[in-house]
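Scroll down for the structure; my scribbles are underneath it.
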Amino acid sequence: MNEIDVLAAGVNVVDVFVRVPEQVLLGEKHEVQELIVQGGGPAATAACVLASLGWRTGFITRMGDNPFSVIARDDLRRHGVLSDFFIPDAAASPVVAVVQADPRTGERTILYTRENYHVLEAADVPLEAVRRSRIVLVDGYEPEAALVILEAASKAGRRSVIDVEIGDRDSADRLIALSTDCILPLIAARALTGEETPEAALHRLAQRTSAQLIVTDGTRGSWALLPEGILHQPAIAVDTVDSTGCGDAFHGAYAAALLDDLALRLRMEFAAWVAAQVALKLGGRTNLPTRDSIRKGDLSMLSPGLRAHLLKPS
């Protein structure tokens, strides 16, 4: 195949979203107004963001013959993710999650099962595709494949964006050390460093890596460590319907901004704006922006520099 912009790898998920009624009686039946089934997963959704924005994006995962695999496969393709790196595995199934969104706050509770999920192995990684890509993007739920991808990307001089949530400490440290751009939620940064604040966690993490470090914390925004100090990007204020996928979208939009050679401040601002668009609808992939929708939308809340970039002719 031709050159690709991004090669992503991570856990493959099917999400069943439900907006929970304000009053729920245990043991009773409740009709809901919104119930959505779609694909999910940190790197998988980030790949959908990138593909929706027009970047040639591949995603490595095992795909089975069962209905959940069909849903996951079709949803990735619908957003434009290349299927070249789907690995046929008849017995494999995505992780299946039930996501309950609180109608008052937009906060979500996730219940999931990994039954029949087949993890990626080192031999599954298409090393030549890693070398051909401009950026790789991985999450921490496929650590063996992620390490192989990051090692190959480092040797090839490629940028690498990683999404590390809470998991094995040693594995997370190895992923962080190999990456060029590490974005992790504050809860993971605290677990990895023992520090309470984003600023302190960033300084502690910087002792382990030369990567560009960013810590996110939902509506409080994101923080990046620079040689001259801490850069804070406030969250874009919206009426949140569902916070699922906002962090995943942040990673995908950040990678897209890297491909556009934007400065760090604009990368973080664009990532915050895309995450806010996702929060407006139920489901982590329901409201992913495209280049056309961006040009037609309201960008008045963005900085002049980012607005000018997003509105310039292709």
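Just so it is clear, the structure is predicted and the values come from calculations on it, not from any experiment.
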- Is there a donor in the side chain of Thr290 and an acceptor in the side chain of Asp292, or the other way round, less than 3.5 Å apart? no
- Message: Taking transitive links into account, so neighbours of neighbours count too, which hydrophobic residues share a cluster with Val81 at under 4.5 Å side-chain distance?
- Response: Phe59, Met63, Leu76, Phe86
- Hey, does Leu280 have a side-chain heavy atom less than 4.5 Å from the side chain of Val241? no
- In the single-linkage hydrophobic clustering (I, L, V, M, F, W, Y; side-chain heavy atoms under 4.5 Å), do Val161 and Leu150 co-cluster? no
- Query: With distance as the sole test, does Arg159 use its side chain to make a donor-acceptor pair with the main-chain N or O of Ile135 at under 3.5 Å?
  - Reply: no
- Under the criterion side chain to side chain contact (heavy atoms under 4.5 Å, CB included), which of Leu175, Val136, Ile162 is the partner of Ile149? Val136
- Task: Might you confirm whether atom OH of Tyr117 has over 12 heavy atoms from other residues, nucleotides or ligands at distances under 6.0 Å?
- Result: yes
- Query: Which pairs pass side-chain hydrogen bond (donor to acceptor under 3.5 Å, both in side chains) with one or both residues in residues 17-33, sequence neighbours excluded?
  - Reply: Arg19-Glu34
- For Arg265, look at atom CZ and say whether over 12 heavy atoms of other residues, nucleotides or ligands are found less than 6.0 Å away. no
- Item | Nearest-0.5 Å distance, CG of residue Leu35 to CZ of residue Phe17 | 10.5 Å
- Okay, side chain of Asp139, backbone of Asp163: is any donor-acceptor separation there less than 3.5 Å? no
- Task: Indicate yes or no: at least one non-hydrogen side-chain atom of Tyr254 is less than 4.5 angstrom from one of Ile214.
- Result: yes
- Message: Please list all pairs meeting side-chain hydrogen bond (donor to acceptor under 3.5 Å, both in side chains) that have one or both residues in residues 90-102, counting only residues at least two apart or in different chains.
- Response: Asp102-Arg104
- Query: Are the side chain of Gln38 and the backbone N or O of Arg285 linked by a donor-acceptor pair below 3.5 Å?
  - Reply: yes
- Task: Determine, step by step, whether Val98 and Ile110 satisfy the side chain to side chain contact (heavy atoms under 4.5 Å, CB included) criterion, reporting the C-alpha distance in whole Å, the side-chain angles of both residues, the deciding distance to 0.1 Å, and the verdict.
- Result: CA-CA 6 Å; Val98 175; Ile110 301 176; over 6 Å; no
Side-chain donor-acceptor pairs under 3.5 Å in residues 4-12, sequence neighbours left out?
| from | atom 1 | to | atom 2 | distance (Å) |
| --- | --- | --- | --- | --- |
| Asp5 | OD2 | Arg56 | N | 2.8 |

- Message: For Ala272 versus Pro234, what's the shortest heavy-atom pair and its separation?
- Response: CB-O, 4.1 Å
- Ser52 (side chain) donor-acceptor with Cys48 (main chain) under 3.5 angstrom: yes
Which pairs would a plain distance check flag for residues 192-209, meaning a side-chain donor or acceptor within less than 3.5 Å of a matching protein atom at least two apart in sequence or in another chain?
| from | atom 1 | to | atom 2 | distance (Å) |
| --- | --- | --- | --- | --- |
| Thr193 | OG1 | Ala189 | O | 2.7 |
| Thr193 | OG1 | Glu195 | N | 3.1 |
| Glu195 | OE2 | Arg204 | NH2 | 2.6 |
| Glu196 | OE2 | Arg190 | NH2 | 3.1 |
| Thr197 | OG1 | Ala200 | N | 3.1 |
| Arg208 | NH1 | Asp173 | OD1 | 2.9 |
| Arg208 | NH1 | Leu192 | O | 3.3 |
| Arg208 | NH2 | Leu192 | O | 2.7 |
| Thr209 | OG1 | Ile176 | O | 3.1 |
| Thr209 | OG1 | Ala211 | N | 3.0 |

- Item | Check: Pro185 and Thr216 side chains under 4.5 Å, non-hydrogen atoms | yes
- If only atom types and distance count, is the side chain of Asn287 paired as donor or acceptor with the main-chain N or O of Gln277 below 3.5 Å? yes
- Query: Do the non-hydrogen side-chain atoms of Leu178 and Ser160 ever get within less than 4.5 Å of each other?
  - Reply: no
- Rounded to the nearest 0.5 Å, what separation is found between the CG atom of Leu258 and the CG atom of Asp181? 5.0 Å
- Worked verdict on Ile36 versus Lys281 for side chain to side chain contact (heavy atoms under 4.5 Å, CB included): CA-CA 11 Å; Ile36 298 172; Lys281 301 288 184 180; over 6 Å; no
- Message: List the residues meeting salt bridge (Lys or Arg N to Asp or Glu O under 4.0 Å) with Arg267, not counting sequence neighbours, and say none if there are none.
- Response: none
- Query: So do the side chains of Leu306 and Leu262 get within less than 4.5 Å of each other, counting heavy atoms only?
  - Reply: yes
- Task: Give me the other members of the hydrophobic cluster that Val70 sits in, counting Ile, Leu, Val, Met, Phe, Trp and Tyr linked by side-chain heavy atoms under 4.5 Å, directly or via other members.
- Result: none
- Task: For Phe270 and Ala253, work out which heavy atoms get closest and say how close.
- Result: CD2-O, 3.4 Å
- Query: Does a side-chain heavy-atom distance below 4.5 Å link Trp273 with Met301?
  - Reply: yes
- Query: Does Glu144 reach the main-chain N or O of Ala122 with its side chain, forming a donor-acceptor pair under 3.5 Å?
  - Reply: yes
- Can you name the salt bridge (Lys or Arg N to Asp or Glu O under 4.0 Å) partners of Asp260, sequence neighbours left out? none
- With sequence neighbours left out, the residues meeting ring-ring contact (aromatic ring centres under 6.0 Å, His included) with Trp55 are none
- Who are the salt bridge (Lys or Arg N to Asp or Glu O under 4.0 Å) partners of Arg291, not counting sequence neighbours? none
- Checking Thr286 side chain against Leu282 main chain: does a donor-acceptor pair fall under 3.5 Å? yes
- salt bridge (Lys or Arg N to Asp or Glu O under 4.0 Å) partners of Glu151, counting only residues at least two apart: none
- Is it the case that one hydrophobic cluster holds both Val130 and Leu147, taking links as side-chain heavy atoms less than 4.5 Å apart, direct or via other members? yes
- Partner residues of Asp124 under the side chain to side chain donor-acceptor pair (under 3.5 Å) criterion, sequence neighbours left out: Arg62
- Item | Short side-chain to backbone donor-acceptor contact, His251 and Ile183, under 3.5 Å | yes
- Query: Where the side chain of Arg158 meets the backbone of Ala156, is there a donor-acceptor pair that is under 3.5 Å apart?
  - Reply: yes
- Can you measure from CG (Leu213) to CG (Leu184) and round to the nearest 0.5 angstrom? 7.5 Å
- Check against side chain to side chain contact (heavy atoms under 4.5 Å, CB included), Ile87 and Leu120: CA-CA 9 Å; Ile87 302 167; Leu120 293 170; 3.9 Å; yes
- Message: Would you say that Val278 contacts Asp248 through its side chain, given a criterion of any heavy-atom pair below 4.5 Å between the two side chains?
- Response: no
- Message: Starting from Val18, can I reach Val16 by hopping between I/L/V/M/F/W/Y residues whose side chains sit under 4.5 Å apart?
- Response: yes
- Can you get from Val13 to Val96 by hopping between Ile, Leu, Val, Met, Phe, Trp and Tyr side chains that sit under 4.5 Å apart? no
- CD of Glu142 to CD of Glu121: how many Å apart, nearest 0.5 Å? 10.0 Å
- Side chains of Pro42 and Glu165 in contact at under 4.5 Å (non-hydrogen atoms): yes
- Between NE2 on residue His309 and CG on residue Leu299, distance to nearest 0.5 Å: 11.5 Å
- Val49, Met268: one ILVMFWY side-chain cluster at the under-4.5 Å cut-off? yes
- Item | Approximate separation, where rounding is to 0.5 Å, of Gln212 CD and Cys182 SG | 10.0 Å
- Message: Walk me through whether Leu137 and Thr57 qualify under side chain to side chain contact (heavy atoms under 4.5 Å, CB included).
- Response: CA-CA 10 Å; Leu137 189 153; Thr57 305; over 6 Å; no
